Student: 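The structure is given below, and queries will be raised subsequently.
Here the structure is a predicted model, which means the values were calculated and not measured. Protein chains get the first letters and strands the later ones, always in sequence-line order, with residue 1 at the start of each.
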Amino acid sequence: MKREKIYQLLKKSSQADNVLIKGWLRTKRDSKNFSFLEINDGSYLKNIQVIADCTLDNYTEITKLTIGSAVAIRGKLVKSQGKGQALEIQAQSIEIISLAPESYPLQKKRHTDEFLRTIAHLRPRTNKYGAIFRIRSELSYAIHKFFRNKGFKYIHTPIITGSDCEGAGEMFRVTTLRPDQKIKNDYAEDFFGQETNLTVSGQLSAEMFALALGDVYTFGPTFRAENSNTSRHVSEFWMVEPEMAFCDLEGDMDLAEEMINFLITHILDNCAEDIQLFAKFVDKKLMTTLDNIRAGAFLRLPYSDAVDILRKSGRKFEYEVEFGKDLQSEHERYLTEQHFKKPVILYNYPKEIKPFYMRLNDDDLTVAAMDVLVPGIGEIIGGSQREDRPEVLVERMEELGQFPEDYWWYIESRKYGTVPHSGFGLGFERTLMLLTGVKNIRDVIPFPRTPGSIEF
RNA sequence: UCCCCAGUAGCUCAGUUGGCAGAGCGGGUGGCUGUUAACCACCAAGUCCGCGGUUCGAGUCCGUGCUGGGGAGCCA
C-alpha cells in the first residue's frame with residue numbers, strides 16, 4: 001500500500017476507506033477510551049488528526065507516544081465529529097517507527113527564534129520553519145519559472161574563482177596547503193598555482209554567456225568573508241543574477257520590477273496557507289506590504305534627486321547627505337519607508353562609489369547603476385548597465401586600482417562584438433524576508449553561516 | 001570591527017535595599033472529557049554563563065572573558 005502525503009489527503013473532500021500515512025507526532029490528547037494524535041509529515045502546514053481507539057492491540061504503547069515520535073498509520077479517512085477539522089483518520093493500525101525520548105527539545109509551545117537557532121537541525125520540524133522552507137523551495141522554482149518563461153538560459157558559474165571579482169568585499173581563501181605550509185609570496189605550490197577564492201558574484205562569468213546566449217541568469221551560493229554582524233548578512237547566501245545582451249539600464253529596471261512582482265504573485269498563489277501563518281503571527285502588515293508593492297509601478301529616481309529630497313527633508317541624519325557619498329541605511333529607509341512608502345529604484349550613482357564594470361554616463365560623473373530598495377529590508381537588488389567600451393573599461397579599472405591584465409578575458413569580450421548589456425543581483429534570502437516578514441536572515445536559510453558560527 | 005542590551009530549571013521569564021532559589025509551560029505519575037497549545041491533582045528538576053574581586057554574607061555590587069540579541073559600517 002502506498003503512503004499518501006497529508007497535503008494530498010487534506011485537499012480531498014471525499015472520504016476514503018484505506019489510507020496510509022507516515023509522519024511525526026506533533027501533539028496528543030488522551031481520553032479514557034481513545035487518543036487524538038496529530039500527525040505532520042512536512043508536506044503541509046496543518047496536521048491531520050488521527051483517532052486511536054483503545055481496541056487497537058498496541059494501544060498501551062500508543063498512549064506512551066511522545067512528541068516527535070515517528071509513526072505509520074493505516075485507517076479510514078472520515079468526516080470529523082469534532083470542530084476544527086473537516087476530515088480525520090480513524091486508525092486501524094498504528095505502527096511505531098521510532099519513539100522520541102522525552103528530552104526532545106521542541107515543545108507544544110512557542111519557542112523563540114534565538115533558541116531555535118541553537119537547534120537548527122530540528123527547527124524545520126516546527127510550523128513556522130516548516131513554512132519558511134516550503135516557501136524557500138517554492139521561491140526557487142518560481143525563479144526558474146520566471147526566467148524560463150522569458151527565454152533566459154540558466155548558467156552554472158564557478159564557485160571557486162581565481163579573479164578577485166570586482167574587488168567587492170573580503171573573500172574566503174581556497175587552498176590545499178596546510179596551515180604549517182607557508183606561502184612564499186607566489187602561490188606556485190598551491191593547488192591552482194595562484195591565489196584562489198570562493199566567489200562573491202557570478203556576474204563576470206555570466207556576462208560572457210550573455211554575450212553568447214543572449215539572456216542568461218545564475219542562481220547559486222555566494223560567499224562573503226566580511227565581519228558583518230547584522231540581521232541582514234550571512235557569510236554564505238544565494239543570489240540570482242540575470243544578465244541581458246542588447247539591454248540598457250531602463251530594460252534592467254523593467255526586469256527587476258517585473259521579477260519581484262512575479263515572485264510575490266507566485267508565492268501568494270502557491271503558498272497561501274504558509275503565508276497566512278506569517279501574516280498572522282510574524283508580521284501583521286505583511287499582506288498590506290506585499291499588495292502595496294504589486295499595486296503600482298516602482299518609483300524611479302536618479303541618485304542626485306534622492307540627494308535633493310534627503311537634504312530638503314528637514315530630517316536630522318546621523319550621516320550627512322552629500323553628492324558623491326554613498327547613501328546610508330537611514331537615508332534609504334527614509335526614502336522607501338517614510339517619503340515614498342513604496343519600492344524605490346535609485347539610479348545613476350556617482351562613479352567614485354561604484355565598481356569599474358558599470359557603464360560611465362555621458363556626464364562623466366555618474367555610472368548607469370541602479371539599486372532597488374524595498375520598505376523594511378532596504379537594498380534587495382543591485383545592478384547596472386555594464387561598460388561595453390573596451391577603452392573606457394580599461395581606464396576605469398586603472399582609476400580604481402585594478403590590474404587590467406588580470407581581467408584580459410573580460411576585456412576581450414568587449415573587443416569582439418561588444419554590445420550594450422545589463423544585469424543585476426537579487427538577494428535570495430532578502431527576498432524571502434520580504435515575502436515572509438521574517439526579520440532575521442539567519443531564519444530563512446537552513447544552516448546559517450555567520451562570523452564565529454558554523455555549528456551545523 | 002564599533003556602540004547598546006541580555007545570560008537564573010529542558011523552554012519563557014520573575015527574583016524587592018546584598019540576607020534560605022521561584023512561577024508558567026514542558027517532563028513523570030494518576031484522574032477526567034470527541035479533544036483542539038485540552039483540563040484537574042501530585043512529583044522530579046538548578047555550576048543563577050565562566051573566572052577574579054568587594055562583603056559576615058553575592059543571582060543581586062565591581063572587574064574581566066565568553067555566548068546571544070539589537071543597532072552601525074560593509075553589502076545581497
Side-chain angles (χ1 to χ4, degrees), chain A residues 26-38 46-53 63-64 66-68 78-85 88 90 100-119 126-127 166-170 200-203 219-241 256 281 317-319 326-333 353-355 371-374 377-383 424-434 439-445 450-453 455:
Chain A
R26 277 294 179 80
T27 177
K28 178 167 70 78
R29 293 175 291 274
D30 294 324
S31 275
K32 193 169 199 175
N33 297 317
F34 53 88
S35 291
F36 298 98
L37 313 181
E38 288 200 30
K46 295 191 177 104
N47 308 322
I48 194 161
Q49 175 163 289
V50 174
I51 314 302
D53 196 84
T63 59
K64 288 182 180 148
T66 46
I67 296 178
V78 296
K79 277 210 176 89
S80 178
Q81 295 173 34
K83 292 169 192 162
Q85 61 280 314
E88 64 190 18
Q90 190 77 46
E102 87 285 344
S103 59
Y104 186 59
L106 295 173
Q107 306 173 1
K108 288 191 287 188
K109 66 168 222 169
R110 211 189 145 272
H111 287 293
T112 59
D113 294 324
E114 290 80 6
F115 170 67
L116 292 170
R117 258 170 241 155
T118 69
I119 50 166
T126 64
N127 287 338
E166 80 225 50
E170 294 294 312
V200 293
S201 165
Q203 180 199 316
F219 178 24
T222 306
F223 308 88
R224 302 277 165 91
E226 293 288 348
N227 190 10
S228 302
N229 291 289
T230 82
S231 54
R232 302 181 309 283
H233 293 86
V234 278
S235 309
E236 176 182 306
F237 63 98
W238 284 59
M239 193 154 61
V240 181
E241 296 180 284
F281 299 116
F317 294 111
E318 197 184 328
Y319 291 85
D326 216 347
L327 297 181
Q328 306 296 319
S329 292
E330 56 176 341
H331 307 138
E332 297 181 346
R333 214 175 299 138
I353 57 172
K354 290 290 180 187
D371 283 356
V372 180
L373 313 176
V374 293
I377 313 277
E379 183 179 344
I380 198 169
I381 282 178
F424 62 79
L426 168 85
F428 183 67
E429 282 76 17
R430 289 188 182 174
T431 308
L432 268 172
M433 292 167 76
L434 176 70
K439 294 291 177 288
N440 196 312
I441 197 167
R442 297 176 185 97
D443 297 334
V444 296
I445 190 164
T450 51
S453 172
E455 178 80 17

Student: Can you measure A/Gln328 atom CD to B/G71 atom C1' for me and round it to whole angstrom units?
Tutor: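 Checked: the CD to C1' distance equals 14 Å.
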Student: Return the set of residues passing ring pair (Phe, Tyr, Trp, His ring centres under 6.0 Å) with A/Phe428 (not counting sequence neighbours), or none when no residue passes.
Tutor: A/Phe219
Student: Is A/Phe36 stacked on the base of B/G34, meaning ring centres closer than 5.5 Å and planes within 30 degrees of each other?
Tutor: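 It does not: the ring fails the test against the base of B/G34.
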Student: Quick check: any donor-acceptor pair below 3.5 Å linking the side-chain of A/Glu226 to the base of B/U1?
Tutor: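 In this structure, the two groups form no donor-acceptor pair.
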Student: Which nucleotide, if any, forms a Watson-Crick or G-U wobble pair with B/G68, using both distances under 3.5 Å?
Tutor: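 Across any shown strand, B/G68 pairs with B/C5.
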Student: Dump every N/O contact between nucleotides 26-32 of chain B and the protein below 3.5 Å, one line per pair.
Tutor:
unit_1	atom_1	unit_2	atom_2	d
B/G26	O4'	A/Gln107	OE1	3.2
B/C32	OP1	A/Lys32	NZ	3.3

Student: List the residues meeting ring pair (Phe, Tyr, Trp, His ring centres under 6.0 Å) with A/Phe115, not counting sequence neighbours, and say none if there are none.
Tutor: A/His111
Student: Taking the side chain of A/His233 as its heavy atoms from C-beta onward, which of B/G34, B/U1, B/A76 lies nearest to it?
Tutor: B/A76
Student: How would you list, by chain and number, every residue that makes a side-chain contact (heavy atoms from CB on, under 4.5 Å) with A/Arg333, sequence neighbours excluded?
Tutor: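 Once residues adjacent in sequence are excluded, the partners of A/Arg333 under the side-chain contact (heavy atoms from CB on, under 4.5 Å) criterion are A/Ser329, A/Glu337.
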Student: Checking contacts here: which listed nucleotide (B/G73, B/G34, B/A76) is nearest the side-chain heavy atoms of A/Ser329?
Tutor: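 The closest nucleotide is B/G73.
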Student: In residues 29-36 of chain A, what donor-acceptor pairs under 3.5 Å come from side-chain atoms, sequence neighbours left out?
Tutor:
unit_1	atom_1	unit_2	atom_2	d
A/Arg29	NH1	A/Glu38	OE2	3.3
A/Arg29	NH2	A/Glu38	OE2	3.0
A/Arg29	NH2	A/Gln49	OE1	3.3
A/Asp30	OD1	A/Lys28	NZ	3.4
A/Asp30	OD1	A/Ser35	OG	2.6
A/Asp30	OD2	A/Lys28	NZ	3.0
A/Ser35	OG	A/Tyr59	OH	3.1

Student: Kindly give the atom pairs (protein nitrogen or oxygen, nucleotide nitrogen or oxygen) under 3.5 Å for nucleotides 40-51 of chain B.
Tutor:
none

Student: Can you tell me whether the side chain of A/Ser228 and the base of B/C74 have a donor-acceptor pair closer than 3.5 Å?
Tutor: yes
Student: Could you tell me the separation between the CG atom of A/Leu373 and the P atom of B/A76, rounded to a whole number of Å?
Tutor: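 To the nearest whole Å, that distance equals 12 Å.
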Student: Does any donor-acceptor pair link the side chain of A/Glu88 with the base of B/G34 at a separation under 3.5 Å?
Tutor: yes
Student: Side chain of A/Arg110, base of B/C25: donor and acceptor closer than 3.5 Å?
Tutor: no
Student: Check whether any side-chain N or O of A/Thr27 sits under 4.0 Å from OP1 or OP2 of B/A38, and answer yes or no.
Tutor: yes
